[in-house]
2 protein chains.
Amino acid sequence: MGKMTLERIAELAGVSRSTASRVINDQDGVRPEIRRRVLDVIDVTGYVPHAAARSLAGQRSRILGLAIRATTEQVFSDPYFAGLAQGVSQACNDDDQTLSLFLLQSAAGREQLPARVLRSKLVDGLIVTATLMDDPLLWQLTESGIPLVVVGEVSDPGISSVDADNRGGARLAAEHLLAIGRRRIATVTGPMRSGAAATRRVAFERALAAAGHPLDPQLVVESDFTEEGAYTATQRLLPLEPDAIFAFSDRMAVGVVRALQVAGRSVPGDVAVVGFDDLPPARASTPPLTTIRQEVEQTGAHAVRLLLERIQAPDAPARRIELPTRLVVRASTSVSDLVGTDS
Amino acid sequence: MGKMTLERIAELAGVSRSTASRVINDQDGVRPEIRRRVLDVIDVTGYVPHAAARSLAGQRSRILGLAIRATTEQVFSDPYFAGLAQGVSQACNDDDQTLSLFLLQSAAGREQLPARVLRSKLVDGLIVTATLMDDPLLWQLTESGIPLVVVGEVSDPGISSVDADNRGGARLAAEHLLAIGRRRIATVTGPMRSGAAATRRVAFERALAAAGHPLDPQLVVESDFTEEGAYTATQRLLPLEPDAIFAFSDRMAVGVVRALQVAGRSVPGDVAVVGFDDLPPARASTPPLTTIRQEVEQTGAHAVRLLLERIQAPDAPARRIELPTRLVVRASTSVSDLVGTDS
DNA sequence: AGCCATGGTGGGAGCGGTCCCAGTTCATGA
DNA sequence: TCATGAACTGGGACCGCTCCCACCATGGCT
């Protein structure tokens, strides 16, 4: 079986290239009987259109890029990215797109992106995540004119974005900790250059203040979304004797718990701990973590949908989607409830 | 600045398309002076050739695929993949290739690969890793005729592959444990369906036997390369009171250490622990791990090199590269040497 | 002086699709 | 019965690049 081309398929099915093309792209205007014939031939030959040819002629590569602005190390150790990648990848498959992953680790890598990837029209659009507030990378990409969707918070409303409802999530955490009677509440945040972290922090403060128990600034320690970072951050917190700690991710919460346990504090007895994300580490932790659940995979899926829309209609106004968060109570805040309130 | 094409560049430089093409592809046969002129124009305009057009005309996409046969979860939590991806990615950049990552999680995903990716000629070649012994996926890929390089062990010598010297590494571990006087030596292995795990296990057994201290089969527990898995595996080992445990990865070694500590055994006092890989977890662990160092990033780089060779000369015989391993002694096996023998 | 290698250079023919438009067929309504 | 147009179908012109080959000056030979 020599190399298969549209031409060849058409010939085998006894139709023209055009008709074969219509069938393949599932366009209408082909008599059902003929469509069948072509489909049969495709089936038998296992023909798959040549990506490059399609891309060249159709001005569209059907490749979407997922660009993560973090070190390889971070990307491959943070379960958040696993979930996101999973969601994005799934959605791409469902939509017959291929996904290409770009790790924007080094400055060099970041420069390659616009050049090699964008100008060469390799991808039709880009999903970017883990960007900083007012990230210059974002300007660059916007200027380059490529369809873009950010996963996370963005300051520029002209950019489409998807994220969890960070504000609502942080509020849930605050209310829960107050509800179980904690008053010396601390928080281990993500880096303030991260939009999500900034948003959560502000919302957390507001919620506590609104309830009449303003957050003591001393009890706020900025960290970096890693377990190690949270571990040392917590050590700084220990002398201040908080009775609750809200960590901005489950992974950090694990670090928090470890630091507390090493220092002889019991969780949740002495200190209640709340995480964020509800990814695998939350359940695996001892004790299992109370956490703010966000639907990471869905976030990825929505990002793809939004991006596809942008590609189709580049001039439509940008949109932002915020996915709801939910409080999941487990043992790290609730003695009476060791069994957990998992759904 | 309208859309730039080779044609346009040629025109601006006052030469023909052919000449401009020669300059871009760095072929010789162009007068230096003219070459300069073209390069200048390219520089000024920021022209980058259209990937699809190039691919279509040149029969080569300049895209390499990295396919990992594991769940998204595993991929994004095992530091080994981080290192490998890093190495591969780097090498691709250096060679002006773009990298595309494929996670072969579901059976569905695995079927997409040959169809959408290979038959469509999206990638020029594939680096595959985390395959099983005699993985049907591998036959499929070989049959499809795509240039292929496996990272890991393969039974079929017709397939090029790169890996650490697992045999040598395991031997080093065995010799070290014997050298520090341990005799009741246990091992927590990876799944035997993994070639690397199988190889290490056999080599470990042989080395111990050769030294006159054959491995007690009871002290061999098969696990799954995760920390959790190693944790429970170690618990099964505890009643048998080993005085040393060789884990097939650093991550597993961390689980081993944790299980030992929870059970009140001291490391290395009661039990010495050796890991494999020398990736970040090895240093981060308390105590830091003695481990068998392998150069993961280099493995990735070699894989790219090998793949590029295969693409150029598909009929050249397959090659296998084994990268040397090295013993790195840290506190998990050596009380006297708490400072470590790090290089 | 005439001739042929030789290093440069330009033009044309694809690569394998998509898309537009013109042509064909056939049922419909006047 | 014939015009009318909707429903299909086929052909050709690209998309932007690479590659092959013909072409053109040179300059060293005989």
Side-chain angles (χ1 to χ4, degrees), chain A residues 1-39 41-42 45-63 96 98 116 118-122 124 311-312, chain B residues 1-38 41-42 45-63 96 116 118-122 124 311-312:
Chain A
M1 158 160 49
K3 64 169 51 52
M4 276 302 154
T5 70
L6 222 213
E7 186 93 45
R8 189 100 183 70
I9 295 295
E11 183 185 325
L12 289 176
V15 299
S16 74
R17 228 170 47 239
S18 305
T19 300
S21 173
R22 284 184 195 103
V23 173
I24 284 164
N25 295 296
D26 205 38
Q27 307 179 71
D28 43 31
V30 177
R31 233 159 48 217
E33 161 211 346
I34 300 223
R35 180 180 297 271
R36 258 260 59 78
R37 211 160 71 210
V38 176
L39 285 175
V41 174
I42 291 177
T45 56
Y47 165 77
V48 174
H50 188 114
R54 244 184 163 181
S55 176
L56 179 57
Q59 328 266 3
R60 189 163 299 175
S61 67
R62 292 151 190 265
I63 302 180
D96 202 48
T98 42
R116 181 148 33 196
L118 306 188
R119 312 209 55 147
S120 72
K121 298 287 182 235
L122 221 188
D124 292 335
I311 292 172
Q312 295 247 334
Chain B
M1 160 159 42
K3 63 171 52 53
M4 274 301 154
T5 70
L6 222 213
E7 186 93 46
R8 188 100 183 72
I9 294 295
E11 185 186 323
L12 288 177
V15 298
S16 74
R17 225 173 47 240
S18 305
T19 301
S21 173
R22 284 183 196 105
V23 172
I24 283 164
N25 295 297
D26 206 37
Q27 308 180 75
D28 44 31
V30 178
R31 236 159 48 216
E33 162 210 344
I34 300 222
R35 181 180 295 272
R36 258 259 58 78
R37 211 160 71 209
V38 177
V41 174
I42 291 178
T45 56
Y47 165 77
V48 174
H50 188 114
R54 238 182 170 185
S55 175
L56 180 56
Q59 326 267 9
R60 188 163 301 176
S61 68
R62 293 152 190 264
I63 301 180
D96 202 49
R116 181 145 21 173
L118 306 187
R119 314 209 54 149
S120 72
K121 297 286 182 243
L122 223 187
D124 292 335
I311 292 172
Q312 295 246 334

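All of these numbers come straight from a predicted model, not from anything done at the bench. Naming: A, B, ... by sequence-line order, numbering from 1 per chain.
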Hey, does the side chain of [X] come within less than 4.0 Å of [N]'s phosphate (OP1/OP2), counting only N and O?
{"X": "A/R31", "N": "D/dT9", "answer": "yes"}
{"X": "B/S18", "N": "C/dG10", "answer": "no"}
{"X": "B/Y47", "N": "D/dC17", "answer": "yes"}

* Heavy-atom side-chain contact between A/R35 and A/D26 under 4.5 Å ->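 Sidechains of A/D26 and A/R35: in contact.
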Nearest-Å distance for atom pair [atom1]/[atom2], residues [X] and [N]:
{"X": "B/K121", "N": "C/dG16", "atom1": "NZ", "atom2": "P", "answer": "10 Å"}
{"X": "A/Q27", "N": "D/dA7", "atom1": "CD", "atom2": "P", "answer": "16 Å"}
{"X": "A/L6", "N": "C/dG16", "atom1": "CG", "atom2": "P", "answer": "11 Å"}
{"X": "A/D124", "N": "D/dC15", "atom1": "CG", "atom2": "C1'", "answer": "15 Å"}
{"X": "A/R37", "N": "D/dC8", "atom1": "CZ", "atom2": "P", "answer": "15 Å"}
{"X": "A/R54", "N": "C/dC19", "atom1": "CZ", "atom2": "C1'", "answer": "14 Å"}
{"X": "A/R119", "N": "D/dG16", "atom1": "CZ", "atom2": "P", "answer": "14 Å"}
{"X": "B/H50", "N": "D/dC15", "atom1": "NE2", "atom2": "P", "answer": "12 Å"}

Of the candidate nucleotides [options], which contains the atom at the shortest distance from the side chain of [X]?
{"X": "B/A53", "options": "D/dG16, D/dG10, C/dG17", "answer": "D/dG16"}
{"X": "B/N25", "options": "C/dT9, D/dT18, D/dT9", "answer": "D/dT18"}
{"X": "B/R17", "options": "C/dA13, D/dG10, C/dT9", "answer": "C/dA13"}
{"X": "B/V15", "options": "D/dT18, C/dG10, C/dT18", "answer": "C/dG10"}

* Check the pair B/I63, B/D124 against side chain to side chain contact (heavy atoms under 4.5 Å, CB included), reporting the backbone distance first and the verdict last. => CA-CA 6 Å; B/I63 301 180; B/D124 292 335; 5.8 Å; no
So [X], base contact, sugar-phosphate only, or nothing? Heavy-atom distance under 4.0 Å.
{"X": "A/T5", "result": "sugar-phosphate"}
{"X": "B/T19", "result": "sugar-phosphate"}
{"X": "A/G29", "result": "base"}

* First locate atom OG of A/S18, then atom CG of A/L6, and finally report the distance between them rounded to the nearest 0.5 Å. =>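 It is 9.0 Å, given to the nearest 0.5 Å.
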* Asked: Rounded to the nearest 0.5 Å, how far does CZ of B/R119 lie from NE2 of A/H50?
  ->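 It comes to 13.0 Å.
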* To do: By nearest nucleotide on DNA chain D, pick out whichever of B/R22 and B/L56 is the more 5' one.
  =>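 Nearer the 5' end of the strand: B/L56.
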* Below 4.0 angstrom, N of the basic side chain to O of the carboxylate: do B/E11 and B/R8 qualify? ->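 Here B/E11 pairs with B/R8 in a salt bridge, since their nearest N and O are under 4.0 Å apart.
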* A/E7 or B/V30: which one's nearest nucleotide on DNA chain C is closer to the 5' end? ->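 Residue closer to the 5' terminus by nearest nucleotide: B/V30.
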